[in-house]
Each structure stands twice: as structure tokens, then as C-alpha cells.
Amino acid sequence: MKLPLEAAGPLYDAAAAFKELKCWNWLSNCHIFGVRNPENGEIGYCTVMGNGGEMYGMAVYLGTAGLETVLSLLRGEATKDLMFTQHCLMLSFDSRDELYPEEYAQIKALGLSFRGRASWPTFRLYEPGFTPWPVWEEGQARFLIQCLEQAAIVAREGQGNPDALLAGDWSTFLVRVPEKAENGGFSWSSRWMAPAAASAAADADSRSAAAGDAQAASPIDQVRIARLRKLPVREEQTWLTGIFFLPMPVKEAGKRPVYPQMLIMMDEASGMIIQTELREKSEWLLQGAELLPELLERLGFRPGRLVFADEGMARSWHGLLDALGIEVFLAEGLPLLESVLEEFMEHMGCS
């Protein structure tokens with residue numbers, strides 16, 4: 001799938017105009033501003049890259065969940081690799097060898113030419129669980145064009161005092177808002193607005209929430225549950241349970257490469273690994289709890305509690321664990337499991 005030339009041309013034009021402006025000379029990644037998508041109302045939160053002289057372009061973080069990802073990074077609170085968590089559209093100016101073959105062919109078909117390092121525009125969709133991917137969808141391309149055009153307006157207006165964009169102290173943001181004009185286009189104005197949700201917890205990963213709701217609604221085999229509840233409970237046993245992305249993308253023919261996730265389940269007291277398994281993120285949220293009844297039947301007992309570090313996973317497993325009489329706890333992090341993951345990565349030569 002490629003972006004049609006009639007949609008790609010304006011995208012490259014917008015990138016060229018943005019590069020010509022060189023607004024990274026006065027804006028940094030902490031000067032965050034928003035652009036509301038005229039098609040779906042979602043706000044993209046824009047950060048300009050290049051003030052540090054390493055990577056030039058602009059990222060558009062999608063929705064409040066996307067915003068919280070970049071804010072956690074700027075505040076030094078990020079605990080997960082940004083490669084696996086950020087959800088954004090990104091323009092960056094890169095080297096020729098960083099283009100996909102289809103992108104290079106598209107550039108040639110448009111009659112464009114670029115030379116040197118940090119000269120070739122690349123347009124990427126970053127999405128949790130997937131490898132970075134070219135912007136092939138026309139709706140995404142249109143929104144990215146609008147963000148680049150509105151960024152130029154914000155940058156020019158703020159050139160004399162860029163820190164005016166920080167007036168909201170990252171609780172409210174200057175947002176460019178469109179209104180339908182008589183000529184069929186849009187007129188844009190600036191408003192200071194709070195994000196749609198107060199925190200990542202309220203907005204966090206809507207797909208995880210949807211998956212959790214789907215799992216909670218799944219029918220539970222009551223006969224099997226009744227049998228499992230007769231198993232003895234080892235109250236002293238706390239099982240730490242986490243899922244972690246692996247930087248080893250898996251590609252199926254015709255599909256976008258995905259990063260698999262490894263489940264690690266460990267007995268906290270003994271440090272014994274109880275279960276490890278690889279699946280895609282969506283499969284863990286929707287189907288992961290299905291492995292627990294089989295595990296309990298094999299072991300012949302129930303633990304006193306399970307501790308999760310992933311809220312979506314805790315939510316999706318909660319219905320089954322409640323039926324089994326196993327307590328559920330949520331932790332900010334599980335260092336013991338992270339150590340196991342590091343050892344696995346070293347063994348696989350991934351670190």
C-alpha cells in the first residue's frame with residue numbers, strides 16, 4: 001500500500017516549507033502545542049525536533065494518551081522504552097538509506113530530489129506494538145499536512161517569545177482549532193485548552209481498555225471454575241506477572257511488522273519462573289488469561305495473589321481471578337521480572 005501521488009505531493013510540499021522555516025532554531029521539544037483534527041476532533045500535540053542539532057522534524061502525538069507519553073519523558077518519569085509506547089505521526093529529515101524502497105520510488109515519481117544527510121523527508125506512524133511504518137493512509141497524511149501548516153503559524157507568531165507556549169505549565173496547551181469556512185476550507189484560531197482527560201490513567205491506551213472489557217465480557221466456564229476453586233490455596237505465594245515488548249519484530253507476509261510481548265510469571269518469594277510465553281499484545285489482553293486455568297490444573301494449587309505492572313493486563317484478567325478467589329494487585333514496576341527479561345535479552349544477543 002502506498003500513498004497516492006496526489007496525496008503525497010502536498011505532504012512533501014508541506015515538509016519542504018517546514019524545513020525552510022527552520023523553527024527548531026527557537027523551538028524545542030518542550031514547546032508543545034496542539035492541532036485539532038477537522039475530521040475526527042482528536043488533538044495532535046506537536047513537538048519540534050532539531051534544537052539539539054541531532055534530529056530535525058516534528059512529532060505529532062495523538063490524543064491525550066500520546067501527550068502523556070511525551071510528558072512523562074520530558075518529566076523524567078518514563079519507565080518504558082519510547083519505541084514501544086509512543087503513538088504519533090512524525091516528519092523527520094533523514095539519510096537516503098533510511099527510506100523504504102516504496103518511498104524512494106514515490107519521491108522519484110514526484111520528480112523530487114534531495115542530497116546529503118538529514119535531507120530526505122520521511123513520514124512515519126509510530127504505534128505501540130508495531131514497528132515504525134510509512135504514513136500510507138490519506139487521512140493521516142492530510143492531518144500531518146495540517147499540523148505542519150499550523151506549526152508554521154505558531155512558530156512565526158512565537159518567534160520573539162517562544163516560552164509563551166509554556167504559559168499553561170503543561171496542564172493547558174495552545175491549540176489550533178479549525179472551523180468550516182464558506183469556501184469549503186477551514187479557518188483556524190488559537191485557544192488554550194486542557195487535554196481531554198486529566199491523566200494517562202483516564203485516557204490510557206483505549207485499545208487496552210477495550211480489550212479488557214472484551215475479556216471481562218467473555219463467558220467463564222463455571223464448571224471448570226468450581227473445580228479449580230477446590231484446589232488448595234497457598235496464601236504465602238505471590239505471583240508477579242508482566243508482559244514485556246521484545247525488540248525482535250515479527251513480520252507476516254503482507255502485514256505490518258509487530259513487536260511480540262513476552263509474559264513472565266514468577267513466584268516472588270522463591271524467584272522461581274512459573275511461566276513464560278510469547279504472543280502479540282492484543283492476544284495477551286484478549287486471550288492471555290486463558291492459560292491460567294491450565295497452569296493451575298497442572299500445578300494443583302492456587303496462589304494467594306497475582307501482582308501486575310500493566311493496568312490493561314490486570315483489568316483483562318480481573319474477572320477470571322475474582323472468580324477463582326485470587327487477589328489482584330497493581331504495582332508501578334516489577335524489577336524482578338525486568339531482571340529476568342534482561343538476562344533473556346542478553347542470551348538472545350538483543351542487548
Side-chain angles (χ1 to χ4, degrees), residues 1-24 33-50 55-63 66 83 86-128 130-156 176 178 180-181 183-186 188 249 251 253-258:
M1 177 181 179
K2 289 196 302 183
L3 198 63
L5 291 182
E6 59 270 21
L11 187 56
Y12 282 96
D13 290 342
F18 180 81
K19 185 179 183 183
E20 182 68 23
L21 185 60
K22 294 183 172 62
C23 59
W24 45 73
F33 56 93
V35 178
R36 176 177 282 170
N37 190 333
E39 297 182 19
N40 60 18
E42 182 178 55
I43 295 176
Y45 292 90
C46 306
T47 64
V48 173
M49 304 176 297
M55 182 179 184
Y56 298 90
M58 188 176 79
V60 182
Y61 290 89
L62 301 174
M83 177 174 69
Q86 65 180 347
H87 190 196
C88 68
L89 300 171
M90 185 181 294
L91 159 69
S92 60
F93 296 95
D94 301 311
S95 301
R96 158 72 180 86
D97 57 5
E98 295 182 65
L99 271 66
Y100 283 81
E102 297 88 345
E103 291 177 296
Y104 182 71
Q106 192 172 69
I107 287 172
K108 303 309 287 184
L110 289 167
L112 302 175
S113 179
F114 306 97
R115 292 182 180 275
R117 188 181 69 86
S119 296
W120 297 76
T122 62
F123 310 99
R124 296 284 180 269
L125 169 64
Y126 287 80
E127 193 171 8
F130 295 89
T131 60
W133 200 243
V135 174
W136 292 144
E137 293 185 13
E138 293 186 56
Q140 294 171 352
R142 284 193 297 270
F143 184 48
L144 187 51
I145 290 169
Q146 290 162 339
C147 288
L148 291 169
E149 292 173 344
Q150 297 308 308
I153 294 171
V154 172
R156 289 192 184 98
R176 296 289 291 170
K180 199 75 173 178
N183 62 4
F186 297 96
W188 295 80
K251 179 174 173 56
K255 293 186 178 181
R256 181 177 169 190
V258 300

Q: Between Leu21 and Arg156, is there a side-chain heavy-atom distance shorter than 4.5 Å?
A: yes
Q: Does any non-hydrogen side-chain atom of Pro134 lie less than 4.5 Å from one of Glu102?
A: no
Q: Output every pair passing salt bridge (Lys or Arg N to Asp or Glu O under 4.0 Å) with a member in residues 106-122, not counting sequence neighbours, ordered by first then second residue.
A: none
Q: State whether the side chain of Gln140 and the backbone N or O of Leu125 hold a donor-acceptor pair below 3.5 Å, judged by distance alone.
A: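 Not confirmed, Gln140 side chain does not pair with Leu125 backbone.
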Q: Does the side chain of Cys147 reach to within under 4.5 Å of the side chain of Phe33, using non-hydrogen atoms?
A: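 No, every pair of side-chain atoms sits at 4.5 Å or beyond.
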Q: To check you understand the geometry: which heavy-atom pair defines the closest contact between Pro132 and Tyr126, and what is its length?
A: CG-CE2, 3.3 Å
Q: What are the two closest non-hydrogen atoms of Val35 and Cys46, and how far apart are they?
A: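 Heavy atoms of Val35 and Cys46 come nearest at CG2-SG, 4.0 Å.
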Q: Measuring from atom CG of Leu99 to atom CG of Asp94, what distance do you get when rounded to the nearest 0.5 angstrom?
A: 7.5 Å
Q: Taking side chain as C-beta onward, heavy atoms only, is Leu144 less than 4.5 Å from Phe123?
A: yes
Q: Does Glu103 come within less than 4.0 Å of Arg124, counting only side-chain N to carboxylate O?
A: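 Yes, Glu103 and Arg124 are salt-bridged.
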Q: Heavy atoms only: give me the nearest Arg176-Pro178 pair and the separation to one decimal.
A: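 Shortest heavy-atom contact: O-CD, 4.0 Å.
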Q: Should the ring pair Trp24 and Phe18 be called parallel, tilted or perpendicular, given that the plane angle runs from 0 to 90° and is split at 30 and 60?
A: perpendicular
Q: Nearest 0.5 Å, what's the CG-CH2 distance between Leu112 and Trp120?
A: 9.5 Å
Q: Minimum heavy-atom separation for Pro4 to Glu138, with atom names?
A: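 For Pro4 and Glu138, the tightest heavy-atom pair comes out as CG-OE2, 3.6 Å.
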Q: Are Leu11 and Leu3 packed together at the side-chain level, in the sense that at least one heavy-atom pair is separated by less than 4.5 angstrom?
A: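 Yes. Closest side-chain heavy atoms under 4.5 Å.
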Q: Between Phe186 and Lys180, is the side chain to side chain contact (heavy atoms under 4.5 Å, CB included) condition met? List the steps.
A: CA-CA 5 Å; Phe186 297 96; Lys180 199 75 173 178; 3.8 Å; yes
Q: In Å and rounded to the nearest 0.5 Å, what is the CG to CD1 distance from Leu89 to Ile145?
A: 11.5 Å
Q: How many angstroms lie between atom CD of Gln146 and atom CG of Asn37, to the nearest 0.5 angstrom?
A: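 Going from the CD atom of Gln146 to the CG atom of Asn37 covers 6.0 Å.
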Q: So do Leu62 and Phe143 actually touch side chain to side chain, heavy atoms under 4.5 Å?
A: yes
Q: To check you understand the geometry: which heavy-atom pair defines the closest contact between Pro257 and Trp133, and what is its length?
A: CD-CZ3, 3.4 Å
Q: Listed by chain and number, what are the salt bridge (Lys or Arg N to Asp or Glu O under 4.0 Å) partners of Glu98, not counting sequence neighbours?
A: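 Once residues adjacent in sequence are excluded, Glu98 has no partner under the salt bridge (Lys or Arg N to Asp or Glu O under 4.0 Å) criterion.
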Q: How long is the straight-line distance from CE of Met58 back to SG of Cys23, given to the nearest 0.5 Å?
A: 8.0 Å
Q: Counting distance only, does the side-chain N/O of Ser92 pair as donor-acceptor with the main-chain N or O of Gly57 below 3.5 Å?
A: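 Looks like no, no N/O pair under 3.5 Å.
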Q: Could you state the interatomic distance from OH (Tyr12) to CG (Leu91), rounded to the nearest 0.5 Å?
A: 10.0 Å
Q: Hey, does Lys2 have a side-chain heavy atom less than 4.5 Å from the side chain of Trp136?
A: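 Counting from C-beta outward, Trp136 and Lys2 do come under 4.5 Å.
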Q: What I'd like to find out is whether the side chain of Lys19 reaches to under 4.5 Å of the side chain of Ser119, using heavy atoms alone.
A: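 Side-chain contact under 4.5 Å: yes.
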Q: Could I get the full list of salt bridge (Lys or Arg N to Asp or Glu O under 4.0 Å) partners for Arg96, not counting sequence neighbours?
A: none
